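Since we're looking at a predicted model, the values are computed, not measured. So you know, we letter chains A, B, ... as the sequences are listed, proteins then strands, and number each from 1.
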Amino acid sequence: MDLWDIYKTLLNYFGKQNWWPGDSKLEICIGAILVQNTNWKNVEKAIENFKKLNLLPTDEKNYLKFAQKIYNLRNEKLKEIIKPCGFYNSKVKTIKNFLKFLIENKGFEELNKLSDKELRNKLISIKGIGNETADAIMLYVFNRASFVISNYTIRILKRHGIELKNYVEYKNFIEIKIPKDIEVYKEFHALLVEVGKNFCKKLNPICEKCPINFYL
DNA sequence: TACCAGGTCCTCG
DNA sequence: CGAGGACATGGT
């Protein structure tokens, strides 16, 4: 199985995905937390709720003020805003943990001075942010070459006979097989999500129509 | 109706 | 460690 061939095949099939959707880095971070084990459609509802209340910026300007505004919300209010995403009790805490971290570290610009390893370690030490969310923020917010492994990716690899021990092993497996290129990382992760949603479904995979069934 | 979704944490062995 | 359960709403 050649992962690079798979990447090119998927890019050709689905087209460029241009992830991560959102008007600002702050929005991407919050979206990455909210989407944990839920549907992106649910996240869109929550993001709309934030924007209606003027709690998220439409560009990168003054994002720390917006971060502070969200942080200052009472938990019950924040819960109400993110309710459509499910798991709101834990996600409220995760969002606040992250915002506290962002504000205390004086924003993305300061954090961006850290090395890849330092930054990832800091992100992952925030309660509620695990491997995948940390990598999503690394890649789509800080533009670091840190490949994001979703459950879709693991399922797809397993169905192609790749059975590894844990998240980091899957991450390393992919990273050593494709060019260390930010845009490739961004697109490939998004494309694998499309494969998962459209073909590599949990219960009834549609392998006959899958663009990468050639590599099975 | 059940099951699934762009996970993470906690508890037990 | 690693397996297994809890967390919760919305769509099919």
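Taking a cutoff of 4.0 Å between a charged side-chain nitrogen and a carboxylate oxygen, A:Lys45 and A:Glu48 do not qualify as a salt bridge.
For the pair A:Asn39 and A:Ile129, both in contact range of DNA chain B, the more 5′-proximal nearest nucleotide belongs to A:Asn39. Judged by closest nucleotide on DNA chain C, A:Lys165 is the one of A:Lys91 and A:Lys165 placed further toward the 5' end. Mapping A:Trp20 and A:Ile126 onto DNA chain B via the closest heavy atom, the residue that lands nearer the 5' end is A:Trp20.
Looking at A:Lys93 and A:Asn75, their side chains never bring a donor and an acceptor atom within 3.5 Å of each other. A:Lys16 and A:Asn18 share a side-chain donor-acceptor pair at under 3.5 Å. Checking A:Lys171 against A:Ser146 by side-chain atom types alone, a donor-acceptor pair falls below 3.5 Å.
In the set B:dG7, B:dC10, B:dA5, B:dC10 carries the atom at the smallest distance from any side-chain atom of A:Lys127.
Note that the first and last nucleotides of DNA chain C, 5' to 3', having any atom under 4.0 angstrom from a heavy atom of chain A are C:dC7 to C:dG11.
One atom, CG of A:Asn151, and another, P of B:dC3, lie 18 Å apart when rounded to the nearest Å. With rounding to whole Å, A:Ile124 atom CD1 is found 12 Å from B:dG7 atom C1'. The interatomic distance linking A:Trp40 (CH2) with B:dC4 (P) rounds to 23 Å, in whole Å. Atom OH of A:Tyr170 is separated from atom P of B:dG7 by 15 Å (rounded to the nearest Å). Put simply, CG on A:Asn97 is 14 Å from P on B:dT8, counting in whole angstrom units. Rounded to an integer number of Å, the gap from CD1 of A:Ile33 to P of B:dC9 is 11 Å. Distance CG (A:Asn37) to P (B:dC3): 15 Å, rounded to an integer number of Å. Nucleotide B:dG7 holds its C1' atom 14 Å from the CD1 atom of A:Ile95, rounded to whole Å.
Backbone-only contact: A:Lys45 has heavy atoms under 4.0 Å from sugar-phosphate atoms and none from a base. When heavy atoms are screened at a 4.0 angstrom cut-off, A:Asn131 is found touching the sugar-phosphate backbone but no base atom. Contacts of A:Gly130 with the nucleic acid, taken as non-hydrogen atoms under 4.0 Å apart, involve only primed sugar atoms and P, OP1 or OP2. Across all strands shown, A:Thr133 has heavy atoms under 4.0 Å from sugar-phosphate atoms exclusively, and none from any base. A:Phe87 comes within contact range of at least one nucleobase, with a heavy-atom separation under 4.0 Å. Residue contacts shown for A:Ser90 are limited to sugar-phosphate atoms, with no base heavy atom under 4.0 Å away.
In this pair, A:His189 and A:Tyr140 present their aromatic rings tilted. The plane angle is within the 30 to 60° band. Relative ring orientation between A:Phe199 and A:Phe14 is described as tilted, the plane-to-plane angle lying within the 30° to 60° band. Classification of the A:Phe101-A:Phe98 ring pair by plane angle, with boundaries at 30° and 60°, yields tilted.
Side-chain N/O atoms of A:Arg155 include one lying less than 4.0 angstrom from OP1 or OP2 on B:dA5.
Of the residues listed (A:Phe50, A:Tyr88, A:Tyr71), the one engaging A:Leu78 in a side-chain contact (heavy atoms from CB on, under 4.5 Å) is A:Phe50, and it is the only one.
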